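By convention in this document, chain letters (A, B, ...) are assigned in the order of the sequence lines, proteins followed by strands, and residues within each chain are numbered from 1. Heavy atoms only: backbone and side chains are in, while hydrogens, waters and symmetry mates are out. Nothing here was measured: the structure is a model prediction, and the numbers come from that model.
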Number of protein chains: 2
Amino acid sequence: MAQHKLSIRQRNVDNILLAAEQVFAEKGFAGTAMADIAEAAQLPRSNVHYYFSTKAELYQAVLFGLLDVWKQDALCFELYDDPRIVLSSYIRAKMNHSRTRPHGSKVWANEIIHGAPNLGAALDAPLYDWAKMKEAKIRQWIEAGRILPVEPSGLLYMIWASTQHYADFSHQVGLLNDHQPLSELQFERAVQTVTSVILRGIGLEP
Amino acid sequence: MAQHKLSIRQRNVDNILLAAEQVFAEKGFAGTAMADIAEAAQLPRSNVHYYFSTKAELYQAVLFGLLDVWKQDALCFELYDDPRIVLSSYIRAKMNHSRTRPHGSKVWANEIIHGAPNLGAALDAPLYDWAKMKEAKIRQWIEAGRILPVEPSGLLYMIWASTQHYADFSHQVGLLNDHQPLSELQFERAVQTVTSVILRGIGLEP
DNA sequence: GTCTATAACGCGATAGAC
DNA sequence: GTCTATCGCGTTATAGAC
């Protein structure tokens with residue numbers, strides 16, 4: 001009985017979160033009405049309010065889910081040691097997410113662009129620690145002479161920006177691709193381009 | 001007399017456009033109230049409406065001004081021929097704009113992320129033509145064996161994304177820089193990082 | 001050209017029946 | 001857990017005096 005109730009809740013919450021991620025990505029926080037999310041989730045407005053009492057609460061729930069996704073993409077930093085393997089895995093993972101789950105990236109970008117007014121310290125600190133670990137790894141590679149000396153943060157930003165561009169700016173990418181979304185083949189070429197420029201850029205052979 | 005009137009108009013319009021660019025960047029289109037812009041421009045609400053009758057009209061005026069800025073950054077594509085010179089000039093110009101005029105970049109990013117609902121065909125076509133010219137130039141370099149073969153559009157996207165990241169994601173960059181905006185020196189290092197990775201990434205010596 | 005007052009509307013959130 | 005009705009606020013845009 002309690003289990004049944006829970007599963008109803010779980011199903012509705014997941015449904016709402018997914019719909020919210022899409023609508024927030026398309027219209028931004030201020031631009032989306034709770035009614036839009038309810039419609040996308042095929043639920044009455046009040047039902048959404050039952051699970052998330054305010055719009056801000058729902059929005060933050062979406063954001064919290066995203067940091068987990070970013071972290072999963074970077075597991076290769078712990079799994080491997082060779083910079084060639086780590087970075088090419090990381091780039092591919094992030095590009096895959098840009099293709100299969102572009103909405104999340106857009107919501108995140110939106111929030112940061114506006115100065116992260118909804119991202120409390122609850123997310124600042126984890127993000128900071130997580131990024132510093134990655135920078136430390138890059139610094140080790142440099143000190144060991146395994147890659148050319150570059151600013152570790154600058155390298156990370158190039159990877160983030162170049163991969164997330166295919167999600168965040170998908171409209172512009174499509175426009176410049178003769179008003180067509182990238183095909184699988186074109187997307188694979190984009191992965192290759194980012195990978196080869198980054199790797200060669202720090203002195204590795206792709 | 002007519003000249004005096006014109007100069008008042010010009011002054012107010014410029015003032016409003018500048019204020020609007022900043023507020024739109026911080027709060028997005030839906031998130032900004034005309035009152036916010038009026039306050040930033042130190043004018044009464046109704047005065048803003050006198051020059052721009054609707055919020056959408058003002059927003060579009062801001063967007064139109066931005067494409068000109070992008071185009072100026074890319075003048076080096078016509079001035080020079082050597083890929084090393086052209087690309088390092090381009091990267092520096094865009095990075096300078098990311099530092100000195102970050103608001104514009106944010107407004108543009110916001111608009112594209114949301115699928116460019118306010119960007120009519122009036123801007124689509126110029127952007128398309130302009131980008132295709134740049135791609136053609138890159139293709140020439142490849143065919144002449146002056147740079148390694150990469151997807152021209154992919155290279156452009158990497159440059160756009162990596163440079164605009166310092167404007168659009170300035171909040172995150174500051175957060176990861178121990179809650180401090182980048183100093184002049186750090187910013188110069190960022191320019192060097194982007195330049196060297198891109199140039200080496202296509203087979204050139206920085 | 002400038003400013004005050006107000007009309008018209010959309011939205012978030014809640015109360016309360018089922 | 002679900003749904004209808006409604007309150008109250010903030011916002012855009014305009015009308016009209018100065």
Side-chain angles (χ1 to χ4, degrees), chain A residues 1-63 107 110-111 114 117-118 120, chain B residues 1-63 107 110-111 114 117-118 120:
Chain A
M1 188 99 102
Q3 183 127 36
H4 182 60
K5 272 189 187 174
L6 191 70
S7 86
I8 287 180
R9 168 169 283 270
Q10 194 66 47
R11 199 165 49 85
N12 281 339
V13 165
D14 288 349
N15 182 23
I16 292 169
L17 282 173
L18 197 69
E21 181 173 305
Q22 175 153 358
V23 180
F24 281 137
E26 285 166 2
K27 308 195 173 190
F29 176 71
T32 76
M34 290 295 266
D36 298 334
I37 297 173
E39 192 188 7
Q42 291 185 310
L43 287 171
R45 277 186 286 281
S46 316
N47 208 331
V48 178
H49 266 106
Y50 175 74
Y51 292 104
F52 298 92
S53 44
T54 70
K55 185 165 76 157
E57 186 184 325
L58 172 52
Y59 183 67
Q60 283 169 355
V62 171
L63 284 179
V107 175
N110 225 314
E111 176 67 8
H114 294 136
N118 297 285
Chain B
M1 188 97 107
Q3 183 128 34
H4 182 62
K5 274 187 183 172
L6 191 71
S7 85
I8 287 180
R9 169 169 281 270
Q10 194 66 47
R11 201 164 49 85
N12 280 339
V13 165
D14 287 350
N15 181 23
I16 292 169
L17 282 173
L18 198 69
E21 182 174 305
Q22 175 153 357
V23 180
F24 280 138
E26 285 166 2
K27 307 196 173 189
F29 176 72
T32 75
M34 289 295 264
D36 298 334
I37 296 173
E39 192 189 6
Q42 291 185 310
L43 286 171
R45 277 186 286 282
S46 316
N47 209 331
V48 177
H49 266 106
Y50 175 74
Y51 292 103
F52 299 93
S53 44
T54 70
K55 184 165 75 157
E57 186 184 325
L58 171 53
Y59 182 67
Q60 283 169 355
V62 171
L63 284 178
V107 176
N110 225 313
E111 176 66 9
H114 295 131
N118 297 286

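Among all heavy-atom pairs drawn from A/Tyr51 and A/Glu57, the shortest one is O-OE2, 4.2 Å. Across all their heavy atoms, A/Gln60 and A/Asn118 have their closest contact at NE2-O, 3.3 Å. Smallest separation of non-hydrogen atoms from B/Glu21 and B/Val107: O-CG2, 3.4 Å.
Residue contacts shown for A/Tyr51 are limited to sugar-phosphate atoms, with no base heavy atom under 4.0 Å away.
Residues B/Gln10 and B/Asp14 have side chains in contact (heavy-atom distance under 4.5 Å, counting atoms from C-beta outward). Taking the side chain as every heavy atom from C-beta outward, A/Asn110 and B/His114 approach each other to under 4.5 Å. Here the side chains of A/Leu58 and A/Leu17 are in contact, with some heavy-atom distance below 4.5 Å.
For the pair A/His49 NE2 and C/dC11 P, the interatomic distance rounds to 13 Å; values are reported in whole Å. Whole-Å rounding puts the B/Phe52 CZ to D/dT12 P distance at 16 Å. Here C/dC3 presents its P atom at 6 Å from CG of B/Asn47, a figure rounded to the nearest Å. Atom P of nucleotide D/dT12 and atom OH of B/Tyr59 are separated by 15 Å, given to the nearest angstrom. A straight line from CD of B/Glu57 to P of D/dA13 spans 10 Å, rounded to a whole angstrom. Rounded to whole Å, atom C1' of C/dG10 lies 11 Å from atom CG of A/Asp36. Distance NZ (B/Lys55) to C1' (C/dG10): 12 Å, rounded to an integer number of Å.
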Would A/Glu39 and A/Val23 count as a side-chain contact (heavy atoms from CB on, under 4.5 Å) if you check the C-alpha gap in whole Å, the side-chain angles of each, and the deciding distance to 0.1 Å? CA-CA 10 Å; A/Glu39 192 188 7; A/Val23 180; over 6 Å; no
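Residues of residues 18-34 of chain A having a heavy atom closer than 4.0 Å to DNA chain C, listed by number: A/Thr32, A/Ala33, A/Met34.
Using modelled atom types, one side-chain atom of A/Asn15 and one backbone atom of A/Ala41 make a donor-acceptor pair closer than 3.5 Å.
Put simply, A/Tyr50 has no side-chain N or O that comes within less than 4.0 Å of OP1 or OP2 on D/dC3.
Contacts of B/Tyr59 classified as ring-ring contact (aromatic ring centres under 6.0 Å, His included), with partners at least two apart in sequence or in another chain: B/Phe24, B/Phe29.
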Could you list all N or O pairs between the protein and nucleotides 5-10 of chain D that sit under 3.5 Å apart?
none

